[in-house]
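Below, chain A is the first sequence line, B the second, and so on; all start at residue 1.
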Amino acid sequence: MKGLLIISALGLLAMLAEIFKVKKIILPLTLLGIIGALIANYFEWNTTMSISYFDNMIVFDRPALAFSGIILCTAFFWFIMANDYFHEDTNVADHYSLVLFALVGALMLTAFKNMTTLFLGVEIMSIPLYVLAASKKGDIKSNEAGFKYLIMGSFASAVLLFGIALIYGATGSFDIAAISNYLAANEGNIPKFFHVGVIFMLIAFCFKVSAAPFHFWAPDVYEGSPTLITALMSTVVKTAAFAAIFKLFMLAFALSSPVWSSILAMIIALSLIISNFTAATQTSVKRMLAYSSISHAAFMLMVVLANVRNNSSLDALIYYSLAYCGGSIIAFATLHVISSNGGDESFTAFNGLSKRSPLLAFFMALAMLSLAGIPVTAGFFGKYFVFTNMIGTPYKWLLIMAVLTSGVGVYYYMKVIIAMYFKSADNETAVEIKMPIKFTIIIAGIVTLLIGIVPGMIAQLFKF
Amino acid sequence: MVVFSRNPVNSVLYLVLTFFCIAGHYLIMNAQFLAVVHIAVYAGAIMVLFLFVIMLMNLNQESEPQKSPLLKLIAGVAGGLFLFVMVGALKGTEQINLTQYGHSDIGLVSNLGKVLFKEFLFPFEIVSVLLLSALVGAIMLGKKEIK
Amino acid sequence: MIKLAALVPLFPLIGFLINGFFGKKISKGLSGTIACISILASFVVSLLIFMELNHADNKSQIVDVFSWINSATLQIPFQFLIDPLSSWFLLIITGIGFLIHVYSTGYMHEDEGYSRFFTYLNLFVFFMILLVIGNNYMITFIGWEGVGLCSYLLIGFWYKNTAYNNAAKKAFIMNRIGDLGFLLGIILIFVTFGSVTYTDIFAKAGTVSTATVTTIALLLFIGAMGKSAQLPLYTWLPDAMAGPTPVSALIHAATMVTAGIFMVVRSNVFYSISDVASETVAIIGVVTALFAATIGLFQNDIKKILAYSTVSQLGLMFLGLGVGAYSSAVFHVTTHAFFKALLFLGAGSVIHAMGGEQDIRKMGGLKDKIKITFITMLIGTIAISGLPPFSGFFSKDEILAHTYEHSKILWLLGMITSMLTAFYMFRLLFLTFYGKFRGTHDQEHHLHESPASMTIPLVVLAALAIVGGALGLPEFWGMENWMSHQLEPVILRPNYSTLHHETEWMLMGLAVASALAIIYFTYLLFMKNGVRPADREDQLKPWQKMIYNKYYVDEIYDALFRKPIDFLSNAFHKFLDVQFIDAIVNGVGKSVTAIGNTVRLLQNGSIGFYLVGMVMGVVLIILLTFLVK
Amino acid sequence: MLAVLLILFPLFCSFILFISKGNSGRTIALAATVIEFVLGLAAFYLFKHNPDSNLLSYNCVWVESLNIHFAIEINALSLLMVLLTTFLLPLIILTTFNKSENHPSNFYALILMMQMALIGVFTANDGFLFYVFWELALIPIYFICLLWGGNNRGVITFKFFVYTLIGSLFMLIGLIYLYNHTNVEGHKSWAVLDLYTAGHSLTATQQGAVFWLIFIAFAIKMPVFPFHTWQPDTYVVAPTQGTMLLSGIMLKMGTFGVIKWLLPVVPLGLQEWGGTAITLSVIGIIYASIIAISQKDFKRLIAYSSIAHVGLISAGILAANQQGIQGGLMQMLAHGVNVVGLFFIADILMRHTGTREIDKLGGIRSMNGNFAVLFLIIVLGAVALPLTNGFVGEFLLINGVYQYSATMAAFAGLTIILGAVYMLRSYQNIMLGEKKDSSLAFGPLHANDKIVLVIICIAIIAFGVYPKPLNDIAEQGTRSIIALMK
Amino acid sequence: MINGISINMYLMLSTILFIIGAVGVMARRNTIILFMCIELMLNAVNLLMVAFSTLHNDSNGQVFVFFIMAVAAAEVAVGLAILSMIYRNIKSIDTDLLTKLKN
């Protein structure tokens, strides 16, 4: 909870800093703040199992803290990485505060206990992102991305609200606990529109994590947005959304799972197919990553699906998020470096990277292997956990499909590696990497490897 | 009419009309305060904002070339289907009268205020963050580039 | 000495290694000497073993060397078995082998691959010894394949000649076909008896069903068909004549090709039990004998004639085996080794004299130019034609007598074969040594008798071909058939003639008379009338042409196996593998791309369309969840 | 501890190589692999004298929550494979001495990494660890093929990579399924023996499913018909050392996997589906042999011959009797050595003549007799002539298959005929006869090449004549597996 | 005053409103109208919320409506800002011109 407050305060401070013309201190301040939030998180972890604030509106229990830990860590590295990007911009403080506000929303999503906080969390997270997506003001692509994101996001919000309204109508409450109690108490006597509401919420969240057929916005927005913002979207936002999904569907609506699980299975299947197949034909790495993020979302949704019968899946979700964030951070950072070194975002820009910057190429390869799920990278364990969870469920066909499509997945990840190591570059000039980015990439790479080699570490870190 | 009118200004006006209707419904349902707020916020603020933008950009012409009829058709069909399935899905709900609790005063300001500042304190506070970020965002985007 | 049986194969192995590693560095003389000495040493040891065994009470002694393959109940030790059969074969192999080695030092003297030749030859002897000396089927099989290898190497000895190489390859592959049968037979033996050791198996052979025994026997016989060039796997042997002549003498006449006979005799227990198998052996034997003999009638290559004659004689031996006359077959193997080696070496001497010419149409009148060769060849020819008192007469007669006992038809066919044999052998003799020289002037000038290293073996073999019959004189002459007594311990049902003496006399007389008649006929034909083989194929009558072309068997095989396999190979590769299976695999990849590209089109950038997509998704979901039950 | 050292030492050297610059790479690599071989021999010695020595196994917790252990053990089965790996690696390194690659250090580093993974695969006693090593082995080889391969390598190695990866993911699912059914005092376990128990407790249908899930991975790796199409292309396109690694050792991962991770796991599944799998294997034998006959490229020919050989191995192993499995083990060793020899021959041909087209070559024997002899010995090993190493395994394999089905054995046995056909045909066309191209020149072999070939030939003959040391271990290993299948 | 009106009526009404909004978003090209349609959808939700609030005699629903309004306002603000920016760049607010990002 304190973490949430600290971040909110940071956002304000960042704005104040601009007023007082002390832009230089924003970054250190932000980083310090995030560390502070993390420390606060840590203490909360050790003190109580569950503290509720404000009439059970928001509760930072251990899963919430775990997810917010991931989000904060990612954000921490993101800020380091984004440093030089911000410097180019005149509205540094605005950017900082917007990102920080989005973080607030994300943190809320991990900890909400009430539909109100859920809804507000979603919006607080989304609105700054709409702006950020469009933040390259002169670039029509960026504008378009922001616009699309906004329209589609609002549409999804409307759907979400409709769902919330229906659920409220059935249960008479916005409280998650109350809803799940209601479900338990009125088994067999639940109005139909409650289920419609659940489905609507599911759809809204599928939109947020860009699962097919609600994924349409993702590739466009990912491509159009500034690379670093895309990184933020695909890591923080996704993790937060999954934290929310976890709470909603694995806890609150668990009992109505017969209604939504088969739908979810179909959504996953569709996502797997569409994302992997389309990613395989992309020429732009950024777009490819967008599609790949859809496929990862599908994998994480599988955990949600599996939870129907298996309660150990929180581990899996957290682990997968972490692995995915690590890989994505590296990938987007590399992309950023390349495009800021005069390249575009296509596969050809990666040609011969191994010669231009062996370090970058190595870590990018690592990230790709991790995203492809090859041992001993973090991504492998992520997939492993998903499989472990899925195997007990009746959706074995989905598992087979996941295996086959991830074979396709390997194809496009490898395409990057091939380009880097096998193709020759047009220009052989060395790629210049700024220190902060180097730092981020190396740390993220080490984490990716480390939790791949010693996954027990994470499991011990988050013991529930 | 909101949807189909060609001129955005007309659209806005039709929308305002719709808002008034909705506000009427609120009144019927004893949500007096909400009805007022509704009119104030939507018709008063948001719609004015819309109009302002329209005027600003000088868009009150029927400049919009129509979408290809095909997409319109598809959109219509999709909407129709949507309606169909929604009706199908929501049908068969038991007929509950809205007045089963008789008259109530939940829609009154005092009551709402209590709820808002007791139970919903945190959301209320956090909405400030939301509005702030929207503010910042809008300003940031609205600012001219200083080059 | 029996304990030292390992020495027998060891010596040739040492010879092989020395020649193999240092062959190029040492002089030709030394190389040849080492090779000969190693075989000689082997021969001496074999002789000692033979003598010792004859005096020993235990006629079947096992010598352990080392343990080879163990797999649970499957124990295959490297073990030697010394019994009358193996010791006798050892003598033949090392004895004849030695003579041929000596002969080769002369014959191959000019060849650049001199030491290589002896390397191979020593290796061959080594494997051949293993083949006969092993105490289980696996050791025999090692030798069996090993000699196949050496045969391959030696046939293709002049490796620059593609035709020779093809012949070598053909020999190896045909042998392998047989080997597969053999191997499966061995495996079935193991599966049935839990062992492959001779002494174990034969003791238990009576305990299993006849059907199994028949299968085993037939599978083993497939192996024998390959190695001993029986129908339908005989075609490699005539081609094998591509190798240097001493090789033909040693491998493709005297020793290796008799491995099949050896193996059947070794396994006589099975054949004695299974009538079906025996019958098959006899029929294939006699058919081969007759078939090959007819082909021999019209051949013009001196070595090819001998090769077909070998096939034919081998068929005769199988006939003997088929009718249960195992010792007679071994007897015939022995005498055949003598006279056929003699004939080949003689032919080699002729070729040597002719400077490499092998076509008898281009020879003639050689008897005065190369006297020793002529005389020894004559002896050999008489021996093979079955005139008393030469060795061939006795062995062949014994087989035919047993056949008569068994079946009159088979006997008749056998008789015809031996008449044909007499015909083509004398044809060979007359055409080569009599009449006028028909070769080129150069060749005539060049004609000379071979060196002593070649003629001495000829003489020795000739002597053996004359007196070899003494090993198995007919019982009814009141003499002891040494051979059959010798082999008694290894044969389940020793087969002693039950015929009346009169019948035997009659058969014998008939054989001699017919042989004489044929020889006279041949004499009339080629000497008196001076008939010469046609120079060109189109001068032949159709039936002659067919025989001349070996009944087109090679062509048939080509059409039946080689071409279809080549075709299949291409078809499998081009169509099934590349265009079907791989295409499916690639197709998966392509379809991924195709689907990807199609799905990409959905992403057309238009918000309205995206929203329609989303709404349709919602519609579908609700439809499926709530309305479709 | 020795076991751990066997895994860690190559990894360590690999890191050194990654860091090292310049041309010292090959020396380091050679030294490393030789030392590794000595370690392998030490393990062999130790195993002979004290099979229960705790130096040979190691077990520590890796991921506690999932009960994943870093459990490795050198037992009879793995010892053979470790010996094979450690024996072949120095040779493979030696084969590179006569050509200059780009970035040699990285090349060697990847090879050593591969060795680490391979030894890991062979020694792992924990299902998860096994899988991890299994996948790890894939990455270095993929890079080796990709970075140092021939024309069109991108697409081809890619197919290989994706193909095998999908297969192994299926295996992962199978393994996880088993894992979910383990129950050791209320906990799940990855230990191999517990997985066996879990497998045995499944119903026949479940076992059938697990059988296929796991078998697919192995079948692709080996490869068994009809999962083989990646293989010829990959073998051709990979650099020689890559091909050697792929065919000499990596392929054995599949066969080894069947022995250790399939047969004892799902006996009922095997009963039900083993026949199908054997049929596929046997079809593969004939099919690949026949295709090999018409191949023009020698390397491709070897590739197809390898499919045929492996088909026999797989058929024998799946027959699941003493002879079959033992023969499989022996043949794995033999095939490893032989195929490395053959591919090296192909490499030498390429280097000396600039082509591998069988039709363009010819008459090399008259130019270099020693080479011809060495080549011939390797060919003989490949056609499984008795007294070469190939024979022992092949005999036992056919024997094993025969016990399963005589008809199958007869078909499988065709390999000895067809093998002779394509091997001799290619040998003849390449080495014998007259030179087909007058410009063809074939000088003397380099010392390194000669050393490698001689060592291979010695191995071929030595283990053909006296296979006992290895055979005894193979027998012991097979016994233990057979016992576990009950 | 509201006797006799069943909740289903409101359910249907707001559904219809919602769908009209949705169709508008799908079919129109004018971005401003797009926003308005979204407002319409949100209003549909509001209506439903209030109806349920009345049904349950629970003021939470009405409070929630406040939040929705706040969010709607925020969205519109941001949306119009983006819109004006786009207009600055391409002098049009036609969605069909916003298809640079595709495939």
Side-chain angles (χ1 to χ4, degrees), chain A residues 114-117 119-120 122-124 126-128 130-131 133-135 137-155 157-175 191 193 196 219-224 278 281-284 287, chain E residues 7-8 10-11 14-15 18 21-22 25-26 31 34-35 37-53 55-58 60-61 63-68 70-72 74-79 81-83 85-90 93 95 97-103:
Chain A
N114 192 299
M115 291 295 182
T116 326
T117 32
F119 168 63
L120 287 176
V122 168
E123 290 301 324
I124 293 176
S126 304
I127 288 182
Y130 300 151
V131 177
S135 64
K137 283 189 267 178
D139 180 5
I140 180 67
K141 277 191 176 176
S142 172
N143 298 344
E144 182 184 336
F147 175 72
K148 274 183 178 163
Y149 198 12
L150 175 71
I151 293 287
M152 313 271 279
S154 310
F155 190 88
S157 292
V159 172
L160 177 70
L161 285 171
F162 202 84
I164 290 177
L166 287 172
I167 289 169
Y168 171 68
T171 61
S173 171
F174 290 116
D175 194 67
F193 59 80
V196 178
D220 290 2
V221 171
Y222 277 33
E223 193 191 349
T278 321
T281 61
Q282 293 302 321
T283 49
S284 153
R287 247 184 126 73
Chain E
I7 183 69
N8 275 37
Y10 274 106
L11 205 52
S14 49
T15 306
F18 188 85
V25 182
M26 285 187 277
T31 25
L34 250 55
F35 283 122
C37 289
I38 284 173
E39 291 304 318
L40 198 58
M41 289 168 79
L42 291 178
N43 266 285
V45 175
N46 284 354
L47 183 60
L48 191 61
M49 214 55 119
V50 174
F52 280 130
S53 171
L55 173 72
H56 292 294
N57 199 19
D58 175 25
N60 284 4
V63 174
F64 203 106
V65 172
F66 285 128
F67 292 122
I68 296 180
V71 168
E75 269 177 8
V76 166
V78 170
I82 293 178
L83 198 65
M85 193 170 63
I86 290 174
Y87 188 76
R88 270 210 303 270
N89 281 330
I90 62 170
I93 50 166
T95 57
L97 296 176
L98 289 174
T99 50
K100 295 268 183 307
L101 299 164
K102 59 181 176 186
N103 295 329

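Here the closest heavy-atom approach between residue A/A133 and residue A/G146 is recorded as CB-CA, 3.9 Å.
When heavy atoms are compared at a cutoff of 4.5 Å, A/L161 approaches chain E by way of both its backbone and its side chain. With a 4.5 angstrom heavy-atom cutoff, A/L120 touches chain E only via side-chain atoms. Contact annotation for E/A77: neither backbone nor side-chain heavy atoms come within less than 4.5 Å of a heavy atom of chain A. For a residue to count as touching a neighbouring chain, one of its non-hydrogen atoms must lie under 4.5 Å from one of that chain's; by this rule E/I82 touches chain A with the side chain only.
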Exercise for the section: Run the numbers on A/F119 and E/F67 for ring-ring contact (aromatic ring centres under 6.0 Å, His included), then give the verdict. Expected result: CA-CA 9 Å; A/F119 168 63; E/F67 292 122; 8.2 Å; no
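Considering only residues two or more places apart in sequence or on other chains, A/T171 meets the side-chain contact (heavy atoms from CB on, under 4.5 Å) condition with A/I167, A/S173, A/I179, A/Y182, A/F194.
Using the six-membered ring where Trp is involved, E/F18 and A/F162 have ring planes that are tilted, between 30° and 60° apart.
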